[in-house]
Amino acid sequence: MRAGTGAVAAEQVLQRIVFPRGEDPLDVRALYLDEPEARSSAATVLSRRSLKVPANSKISLASYFNAFPASYWKRWTKVEEVVLRLKVKGAGRLDVYRSKPNGDSVHLQGAPVSSPKSWKSLEFRVALTPFEDGGWIWFDVFTNDAALEIDEGSWTTDLELPKQQVVVGTTTIRPADCVLALQTLGEDPQVMDVVERVIVADQGPQKIRDTEGFDLAAQRLGDKLHVIEQANLGGSGGFTRVMYEGVYHSDAEQVMVIDDDIALEPDGVLRANAFARAASQPVIVGGQMLNLQARSRLHTMGEVVDLGGAMWRAAPGAVTDHDFAKKPLRKSPKLHPRIHSTYNGWWMCLFPREVIEDTGLPLPLFIKWDDAEYSLRAGGHGYPTVTLPGAAIWHMPWTDKNDATDWTAYFHTRNRLILAALHSPEDVKTGIVKQGLKLTLRHLLSMEYSTVAVQQRAIEDFMAGPEGLFESLRTALPEVRELRKDYDDARTLPSAREFPQPFADPVMAEGLLKPPVNPAVIAARASKALLHNLKEPSGEASDRPQLNVPAASARWFLLGNLDSATVSNADGSGVAFRRRDPEEFRRLGLRAMANYKKLGQEWSRLRAAYRAALPELTSAESWKQVFDQK
């Protein structure tokens, strides 16, 4: 530990100590401070950078946003020593700790503070030597008879880092949410110092310029804000526009994409920017996702694509849905090992210019799988993806979406097949066919006929080859919506009260709700449900639902034994009246079997065709033609 004075150069700051914004809800506090539950001894947040710890208190900065994720910096950057620098005033003590990969805490160093009237500068140096496999660094504040203030704390380095600017961009069809994110981005001068340009690819029917609050956002961002109005080309078209502008119409060394429907922690921009500047090789820097509906929860820590099954999932060892309000960082051993991701969702993701120039632009997939495919492709060029703790946004969790069964099921299915053709081994086709047939049966037994219809359309479009992908940016969505509109399961009303009362005894569902586990039991219940779905439904079931089924209970082993039911959306926003239709069941089932048989037979040819088309599909010239269309 060494006390000193003088400001730290901005380019040397790796991670600032920050506190909640004034407008943040109370439940985010646990992400910034680990403090006693008794509110009487709580610290007082004076500003985004200043905190007052009252007398006779202990406050820990072992928190998500303020602890330093040392293992990630050790593994991926040139930084060998981190320096905690901060100003203090008052009386008390500061102690610095680190954790091991198993979560055990180790006291490193500390210092008493006695400066009741003037600010004193402190620094603590910590070598990153023992952090290869995991661990964080943080500090605690103790007081006795007097209060202690801390201000302008930062985790820094003496290593000279190149100063690099970042283009931050988003694509929007939800302008009200986007305006709030832009306002937050522009509120901190230090954040704006590293931002060269803010690009909005505006794709929605309501233009962002006409949205309440835009003037304030534009005032804060000034001439750095560039709004580009274009047709709805989906997330891939919008984010590709940001990358295209960032690389070909800007000198910035980095491009960051963020979703529009997020709440932003602006320091995440600084942290990702610093991490990329310090990296020992160019890396994609992804942000973690916090739960927008429950702000103290970390929804995803890191993700991978299982190439053998062509499916995304949580990275090995990654924790999901962790609530820091209930279990703070130092009491959560599973949060301390370093997690290795192979891709990061584009709710927040930063790309060095070199990565985009060598990898190319995203595929024209509209939405879904474009982010995963891009990181896999970049990885093939030698650019890994790092999901960095403490660089995060709040976003609605995908568990509260219907995107496995609504119109997005088309893009999930088609784009997953494209990713598998480009990156998975040849034998992935066996698993895709088997899993696809099993999934089709589940949807059919659940009376989700529209889902099966759009999935089969997706398979057929994939088998038609890559030639129509750019055109599909504009045509696929309206065509899929047109396809779904006449199916009962795709039509929703606000509530089950809009439909007749169910005629069956709800107790009957209890025995059917227990999920079958034993393979023999699964086969028996599936066979029974299959036979039931080939019979004609009762006449009453077409006019009145048998049951009202909540989203959590809408499983094939219940719905497969019913003739009709109202079923809620995953987010509770609406209800559909599903009716069993034996004719549609047979037609879609036979279509699925034929498509999956053909898919298996032609997989090698399709794999070769998509790989051959990849350079053209991801070239700046091809995308420029799309952007130039009116």
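Residues take their numbers from the sequence shown, with the count starting at 1.
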In the structure I gave you, are the side-chain heavy atoms of D571 and Q293 within less than 4.5 Å of one another anywhere?
no
I'd like to know if the side chain of S250 pairs up with that of R197 as donor and acceptor (distance under 3.5 Å, no hydrogens or angles considered).
no
May I have the step-by-step check of side chain to side chain contact (heavy atoms under 4.5 Å, CB included) for R75 and E132, ending in yes or no?
CA-CA 6 Å; R75 170 63 180 84; E132 179 65 22; 3.6 Å; yes
Should F139 and I150 count as side-chain neighbours, where that means a heavy-atom distance under 4.5 Å?
yes
Output for pair (F124 CZ, I137 CD1), nearest 0.5 Å, gives 12.5 Å
Check: T172/D202 side-chain N/O donor and acceptor closer than 3.5 Å:
no
Aromatic rings F275 and W73: how do their planes relate, parallel, tilted or perpendicular, breaks at 30° and 60°?
perpendicular
Mind checking whether H336 and W136 have parallel, tilted or perpendicular rings, split at 30° and 60°?
perpendicular
Once the angle between the rings of W346 and Y374 is folded into 0 to 90°, is it parallel (under 30°), tilted (30 to 60°) or perpendicular (over 60°)?
perpendicular
Can you confirm if the aromatic rings of Y32 and F65 lie within a centre distance of less than 6.0 Å?
yes
Gap between atom CG of D259 and atom SG of C349 - 0.5 Å precision
11.0 Å
Within the 3.5 Å criterion, strictly below it, is a donor on T385 or N344 matched to an acceptor on the partner's side chain?
no
Would you please test M348 and I262 for side chain to side chain contact (heavy atoms under 4.5 Å, CB included) and show each step?
CA-CA 9 Å; M348 178 183 177; I262 63 168; over 6 Å; no
Can you find a pair of side-chain heavy atoms, one from E35 and one from S57, that are under 4.5 Å apart?
no
Is the Y248 ring parallel, tilted or perpendicular to the Y244 ring (thresholds 30°, 60°)?
tilted
